[in-house]
Amino acid sequence: MAVKLTLPDGKALELADGATGADAAAAIGPGLARAALAIEVSHPQAGGEPEVRDLARALPDGAHVSILTAKSGERALELIRHDAAHVLAAAVLELYDGVKISIGPPIADGFYYDFEFPSGTVLSDADLPRIEERMRAHVEAAELFERRDVPVAEARERFVKERQDYKVELIDDLVSAADSATPLETVSLYTNGPFTDLCRGPHAPSTKTVGAFKLNSIAGAYWRGDSNRTMLTRIYGTAFFSKADLSEHLERIELAKARDHRKLGRELGLFTFSDVSPGAAFWLPAGTSVWNALVRLSRQMGHERGYSEVKTPQIYDAELWKTSGHWGKYRENMFTVNVEDREMGVKPMNCPGHAHLFSTRRHSYRELPVRYFEPGLLHRNEPSGVLHGLLRVRHFAQDDAHIFCTEDQVQQEVRGCLEMAFDTYALFDLDVRLELSTRPEQRVGTDEMWDRAEEKLTRSLQELGLSYELNPGDGAFYGPKIDMHMTDSLGRSWQLGTVQLDYSMPERFQLSYTGADNQEHRPVMIHRALFGSYERFIGVMIEHYAGELPLWLAPVQAIVLPVSDRFNGYGASVADSLRGEDTRVELDDRSESIGRKIREAELRKIPYMLVVGEREEGEHAVAVRERHGGDLGSLPVEKFAERLLGELYSATLKPRKSSERHA
RNA sequence: GCCGGAGUAGCUCAGCUGGUAGAGCACCUGUCUUGUAAACAGGAGGUCAGGGGUUCGAGACCCCUCUCCGGCUCCA
């Protein structure tokens, strides 16, 4: 018998029965045999995901295979990072007595391993070099990764004996998760040097392919991500094939830190934080200008799409929050206040206020959909540990809207929200990741209602040709939602926009409209925010643009720089003539050298610097310098004004259509 | 909220094993009148996050609180 394989180039390869991945690599060529780390196996006919396996395992007949080497990109990095996690565990077990190991997977950009240290042992960053050193010894020893499939009972006994409780729990869970028709008989153990771990694999042949690694940080992490369970000590690290790749990665991270919105926000004078109000930004004039530009955009786009702006109170009687359900589900996150013995809650969301507003008068089906927009200020009492610059605050404003419509209008309205979202994001050259979150365990409404709602969201996404991830069970208790995510400079993901279908709030607030049949009907509510919160959005935008905000958002769009005091008068007249409703122009009339004025304008990341001196005054012109030192030469003041307004117009008034970007 | 780390002038940071708090930039004053990324000189600025303790003596050591940073959980 023989094993027939298909290689990536379509060629067939026939090997003896029982041939391994290593045999396959050797059959293709000696160079590949040396470089091979693992083998990817798939059965296109049978379907299913390709699986990366150890080279030492026998190959199945009929498989398509592809040898993984150091050049195989992310898949190969994932492999050695997983290897590195095992080496880390080996080192920690040697250095510290009584450590319990849990899990250690590869992650984006690195790996981690979670440990429980005996009580009294506290690990800090200072301990990392010592651990790295021990790891290095194991890597240099080129210890082999050996896989053994052992009976469940044997593996369990082994870990019980070693007092590795977490491993025992993992085995027990694997057993109970297994199909009763095909019970789990064996689990795989991997041994590298002195260390044996319960692990599915795969691993490279030996530890030596971990060419360069570094332990980055220590953090707490709950066992199984459950805040009711033990907090373990997590050690984060990263690994690459070469030292050069590692240092390139570390440099990239350093560069990313320069984009941090907290740093740039301070440097650019946009906002600041203070101990007197944790989780709340103090907006300086420049930051307020950015803020206002965004609110203006929200208003303009909403106006064009049939939204009406409303204003609702900050503080409501507890009764309203009981009606909305927040008192029961969201109270720990709310600030409450006592007003003459009356318990009141500061609003963490606008929806109850909008629902109440809708209920204060009668509505005909003819006026639906009603679209209320409110850039409303919200307060949420977020746990102290989660506050994070502008990205997670206690005091913020959402570009929030609630649409009240008939069941028949839902689909079209959801679609409208998504189109508006992508028209908005297109203005910022943003790529967002979409998630569809479906019914959670705890929910209100019938299954039929959820079927309908989820189908409507799904169809809207499909009609627009948008790709999305499914996030089952993560919907709001009142309805499914589509969330729009973006990442910050260090790759952390933040939710910006959201579109949520809600059948519950209309019920709770007894909302109704009069239909064509003269009967009262329940409207459907759609919650939607596109920026999410202005705070978070501005934070993400600062990082997205590395502080170099586009012209229309820049707090100061152009600064006039007279070369000496003698031209301050002319400079002032230029600045005055350029300043308008949509233009923000400043004059630097300090008695400073032109070099300094330019340097400071560059540091403030002002898009245009207009140098004026004798020549310019004579010609009624400005010498235009673009951010980053681009000298555009001299332009008559009127020409420059045209250019400025032209750019502003094209940036915000003619957004690219979502279909052009996301077809 | 939980785990770990940190907090010195507006900002970036020195300050050794405890012995009277420093620099650069920014700020103020004066001089300079500047042509595309830093003119020169002088001055002012700190209950060393806050509180308690150890000590003859604490920015340094110990405890508590607050805030921030990195994670976890949670979230726009």
Side-chain angles (χ1 to χ4, degrees), chain A residues 112 114 116-117 122-127 216-236 257 260 262-263 266-267 269 272-279 330 332-333 348-349 378 380-394 396-400 474 483-486 490 492-498 500 527 529-537 539-540 561-568 590-603 609-616 623-634:
Chain A
Y112 67 79
D114 284 348
E116 183 184 336
F117 284 83
V122 175
L123 218 60
S124 80
D125 286 0
D127 299 307
N216 297 324
S217 60
I218 291 177
Y222 297 110
W223 168 233
R224 303 219 133 167
D226 184 344
S227 58
N228 295 314
R229 305 196 62 175
T230 320
M231 177 149 286
L232 305 172
T233 302
R234 174 170 299 179
I235 301 179
Y236 281 98
K257 282 183 187 162
D260 190 312
R262 293 164 296 191
K263 178 177 153 72
R266 185 172 53 240
E267 288 172 0
T272 189
F273 286 91
S274 163
D275 291 0
V276 299
S277 186
Y330 205 75
E332 325 79 82
N333 281 299
M349 301 183 192
L378 306 176
R380 296 185 187 172
N381 193 0
E382 302 286 352
S384 57
V386 306
L387 301 178
H388 186 97
L390 288 180
L391 302 182
R392 188 78 182 269
V393 285
R394 290 191 176 133
F396 61 101
Q398 288 183 328
D399 62 324
D400 203 7
D474 211 34
D483 289 332
M484 294 162 252
H485 292 256
M486 210 199 133
L490 290 174
R492 293 173 288 218
S493 182
W494 298 92
Q495 183 186 320
L496 301 178
T498 182
Q500 312 182 344
H527 307 232
L530 310 181
F531 292 138
S533 78
Y534 292 100
E535 281 79 1
R536 179 173 290 180
F537 192 77
V540 172
L561 309 175
V563 297
S564 88
D565 289 355
R566 285 193 292 141
F567 307 105
N568 281 350
R590 296 171 305 160
S591 301
E592 291 290 352
S593 69
I594 188 66
R596 169 176 289 260
K597 289 181 184 180
I598 285 168
R599 175 180 157 81
E600 289 179 9
E602 287 282 357
L603 291 175
M609 282 148 268
L610 309 173
V611 177
V612 296
E614 192 163 356
R615 287 199 296 278
E616 288 73 22
V624 183
R625 179 187 162 108
E626 227 174 350
R627 186 158 58 190
H628 292 319
D631 190 351
L632 305 180
S634 181

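By convention in this document, chain letters (A, B, ...) are assigned in the order of the sequence lines, proteins followed by strands, and residues within each chain are numbered from 1.
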Asks: Can you sort out the partners of A:E626 under side-chain hydrogen bond (donor to acceptor under 3.5 Å, both in side chains), two or more places apart, ordered by chain and number?
Replies: none
Asks: Can you name the residues that form a side-chain hydrogen bond (donor to acceptor under 3.5 Å, both in side chains) with A:D474, not counting sequence neighbours?
Replies: A:N471
Asks: Could you tell me which residues satisfy side-chain contact (heavy atoms from CB on, under 4.5 Å) with A:V393, sequence neighbours excluded, listed by chain and number?
Replies: A:F273, A:F396, A:E535
Asks: Using a strict heavy-atom distance below 4.0 Å, which residues from residues 529-537 of chain A are in contact with RNA chain B?
Replies: A:G532, A:S533, A:R536
Asks: Please identify each residue that fulfils side-chain hydrogen bond (donor to acceptor under 3.5 Å, both in side chains) with A:S533, with sequence neighbours left out.
Replies: none
Asks: In chain order, what residues pass the side-chain contact (heavy atoms from CB on, under 4.5 Å) check against A:R392, with sequence neighbours excluded?
Replies: A:E382, A:V386, A:H388, A:W494, A:R536
Asks: Under the 3.5 Å rule, do the base of B:C74 and the side chain of A:R380 count as making a donor-acceptor pair?
Replies: no
Asks: Pairs under 3.5 angstrom, nitrogen or oxygen only, protein versus nucleotides 24-32 of chain B, please.
Replies:
residue : atom : partner : partner atom : Å
B:A26   : OP1  : A:R596  : NH1          : 2.8

Asks: The criterion is side-chain hydrogen bond (donor to acceptor under 3.5 Å, both in side chains); which residues satisfy it with A:R566, sequence neighbours excluded?
Replies: none
Asks: Whole angstroms only, please: what is the CG-P distance between A:D114 and B:C72?
Replies: 10 Å
Asks: If you restrict it to nitrogen or oxygen atoms, what contacts under 3.5 Å exist between nucleotides 61-65 of chain B and the protein, and what is each distance?
Replies:
none

Asks: Indicate for each nucleotide in nucleotides 2-11 of chain B, in 5' to 3' sequence, whether protein heavy atoms under 4.0 Å reach the base (B), only the sugar-phosphate (S), or nothing (-).
Replies: BBSS-----S
Asks: Check side-chain contact (heavy atoms from CB on, under 4.5 Å) between A:S591 and all other residues, then give those that pass, not counting sequence neighbours.
Replies: A:D565
Asks: So that I can compare with my own list, what are the stems of RNA chain B, taken as at least three consecutive Watson-Crick or G-U pairs with distances under 3.5 Å?
Replies: B:1-7 with B:66-72, B:10-13 with B:22-25, B:27-31 with B:39-43, B:49-53 with B:61-65
